[in-house]
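Below is one structure, written out as structure tokens, with a few remarks after it.
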Amino acid sequence: MNKLQLHGFNNLTKSLSFNIYDICYAPAEQQQAYIEYIDEAYNADRLRQILKDVVDIIGAKILNIAHQDYDPQGASVTMLISEGDVAPPAGMNSQTPGPLPENVLAHLDKSHITVHTYPESHPDNGISTFRADIDVSTCGRISPLKALNYLIHSFESDVVTMDYRVRGFTRDITGRKHYIDHNITSIQNYIAKDTQESYQMIDVNVYQENIFHTKMMLKETELENYLFEKESNLSEEQKAEIEKKLQKEVTEIFYGHNYRRKKIKVADPLP
């Protein structure tokens with residue numbers, strides 16, 4: 001296949017916004033310990049390493065790194081990157097999954113990557129939610145989509161939402177504008193098969209605008225995986241109540257709605 005000849009450089013902007021949610025049950029007396037654990041597990045140093053690996057996967061070069069741990073909790077990392085003169089890894093624009101964490105190799109270069117974390121809890125129902133927001137914005141030939149597999153497996157993800165958009169245009173040597181430089185039908189094509197099988201997935205795509213949205217919700221989990229402190233003395237009734245709370249939290253985040261039981265007014269008895 002003949003490569004498209006451009007006039008100047010490829011200045012298409014490809015942006016991936018990636019949000020993960022990790023849900024945990026930690027009653028009031030455990031919630032502070034849970035937040036401290038999350039804050040340490042995903043501190044600025046850990047997040048910086050994750051973003052460095054993302055940079056390697058998509059084939060870019062780091063220009064600058066800024067990072068910050070916040071008080072009382074949360075962390076942020078921002079990287080400026082550039083595409084450079086080195087050709088991107090083979091298959092960069094193919095609709096295939098990128099590498100998993102243990103298979104990271106390559107290098108990267110252009111635009112920016114950011115990550116922010118938000119540990120959150122409420123004492124009333126014992127549910128704590130950790131959210132990480134990651135934005136990968138690239139210009140030129142490299143694409144952030146190859147980093148999806150790595151990012152999903154770098155966090156304990158119960159719910160994942162992803163938005164991908166190609167903006168701007170680049171010109172070929174005839175002066176014709178090109179608004180996208182690769183084929184894409186779904187973000188799901190960049191996610192490994194075993195991951196797809198583990199999640200319920202929904203697409204909302206606007207093809208004519210080069211906008212793609214996918215959200216994922218974990219299908220099956222063990223209650224023990226959601227307990228901050230493993231407790232074997234919970235009664236079956238307590239376990240059922242906790243599972244109901246967890247399912248409600250996951251479902252509400254996935255669909256973006258609060259679901260409340262409707263109060264039914266009971267009519268006065270007949271005289």
| task | Test Gln208 against Val206 for side-chain contact (heavy atoms from CB on, under 4.5 Å), laying out the working first. | result | CA-CA 6 Å; Gln208 65 272 27; Val206 186; 3.8 Å; yes
| said: For Tyr25 together with Tyr226, are the ring centres under 6.0 Å from each other? | reply: no
| task | Check ring-ring contact (aromatic ring centres under 6.0 Å, His included) between Phe155 and all other residues, then give those that pass, not counting sequence neighbours. | result | Tyr42
| task | Please identify each residue that fulfils ring-ring contact (aromatic ring centres under 6.0 Å, His included) with Tyr21, with sequence neighbours left out. | result | none
| request: Please list, chain by chain and in numerical order, all residues satisfying side chain to side chain contact (heavy atoms under 4.5 Å, CB included) with Asp203, sequence neighbours excluded. | output: Ser186, Gln188, Asn205, Thr214
| query | Under 3.5 Å, is there a donor-acceptor pair linking the side chains of His116 and Ser76? | reply | yes
| task | Measure the spacing between CZ of Phe130 and CD1 of Ile38 and express it to the nearest 0.5 Å. | result | 5.5 Å
| field | Check against side-chain contact (heavy atoms from CB on, under 4.5 Å), Met216 and Gln200 | value | CA-CA 6 Å; Met216 307 162 46; Gln200 174 184 336; over 6 Å; no
| Going by atom types alone, do Asp53 and Gln49 pair a side-chain donor with an acceptor below 3.5 Å? | yes
| query | Parallel, tilted or perpendicular: which describes the rings of Tyr255 and Tyr259, with under 30° parallel and over 60° perpendicular? | reply | perpendicular
| query | Got a second to check how far Ser137's OG is from Ile81's CD1, nearest 0.5 Å? | reply | 8.0 Å
| query | Is there a donor-acceptor contact under 3.5 Å linking the side chains of His257 and Thr251? | reply | no
| task | Just do the side-chain hydrogen bond (donor to acceptor under 3.5 Å, both in side chains) check on Ser198 and Asp194 with the steps written out, would you? | result | CA-CA 6 Å; Ser198 299; Asp194 61 336; over 6 Å; no
| query | So, Asn149 versus Tyr190: side-chain donor-acceptor pair below 3.5 Å or not? | reply | no
| query | Given side chains that start at C-beta, do those of Asn43 and Asp39 come closer than 4.5 Å, heavy atoms only? | reply | no
| field | Lys/Arg N to Asp/Glu carboxylate O, Lys245 vs Glu249, below 4.0 Å | value | no
| Side chain to side chain, Glu156 and Asn225, heavy atoms closer than 4.5 Å | no
| said: Any heavy-atom pair between the side chains of Ile65 and Thr78 that's under 4.5 Å? | reply: no
| task | Report the C-alpha distance between Asp181 and Lys14 in whole Å, list the side-chain angles of each, state the deciding distance to 0.1 Å, and finish with yes or no for salt bridge (charged side-chain N to carboxylate O under 4.0 Å, His left out). | result | CA-CA 10 Å; Asp181 64 352; Lys14 302 163 188 174; 3.0 Å; yes
| query | How about Asn19 and Asp133: does a side-chain donor come under 3.5 Å of a side-chain acceptor? | reply | yes
| request: Output, in order, the C-alpha distance, side-chain angles, deciding distance and verdict of side-chain contact (heavy atoms from CB on, under 4.5 Å) for Met217 and Ile253. | output: CA-CA 9 Å; Met217 178 171 63; Ile253 293 172; over 6 Å; no
| message | Looking only at side-chain N and O atoms, does Ser15 offer a donor or acceptor that is under 3.5 Å from a partner on Tyr164? | response | no
